[in-house]
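Both ligands and their constituent atoms are indexed starting at 1 by order of listing. Nothing here was measured: the structure is a model prediction, and the numbers come from that model.
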Amino acid sequence: MSQFSDQTGYNQEEAEFKRREAEALAALRAKLDAQRAELKSPASRPANWMECPKCGNQLAETRRGDVMVDACSGCAGVFLDKGELDLLLSQSKGTVLGRLFGH
Ligand SMILES: [Zn+2]
C-alpha cells in the first residue's frame, strides 16, 4: 500500500515537504543577506555601486516578499543579485515566471 493512499499520510507528507522547503528558503535568504552585508562594506564596493546599468540613477534595495531587489528610481528597472532569482523561482513553480525561466 502506498504511503499516499490515505489522506492523513499524504497531508503529513505535504506538511513535512513544506516545512523543509521553508527551512531551505530561510537558509538561502540568510546566505544572501550575509553576502549583501559584505558588499555594503565601502572597501569592497565597486565605483559604480548601486548605479542603474541602464540609466545611471541610484538603485534602492527593496524587499518583495522573501526576495531583495534593486529598484531604479529613474527608469523603474528592477535588478536581482545572484541567488535572488533562484529564491524567486523556488516560490514560482507553476507560475508564468516559473515557466519563463524553466522551473
Ligand atoms: Zn534606471
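- Using a distance-only test at 3.5 Å, with no hydrogens or angles considered, a donor-acceptor pair links the side chain of R63 to the main chain of G65.
- More than 12 heavy-atom neighbours from other residues, nucleotides or ligands sit within 6.0 angstrom of CZ on R19.
- Partners of R36 according to the salt bridge (charged side-chain N to carboxylate O under 4.0 Å, His left out) rule, which considers only residues two or more places apart in sequence or in another chain, are E61, D70, D81, E84.
- Distances under 2.8 Å from the Zn ion (ligand 1) pick out the protein N/O/S atoms C52 SG, C55 SG, C72 SG, C75 SG.
- A donor-acceptor contact shorter than 3.5 Å is absent between the side chain of S92 and the backbone of T95.
- In E16, the CD atom is crowded: over 12 heavy atoms of neighbouring residues, nucleotides or ligands sit closer than 6.0 Å.
- Residues L32 and M68 fail the side-chain proximity criterion, which asks for heavy atoms closer than 4.5 Å.
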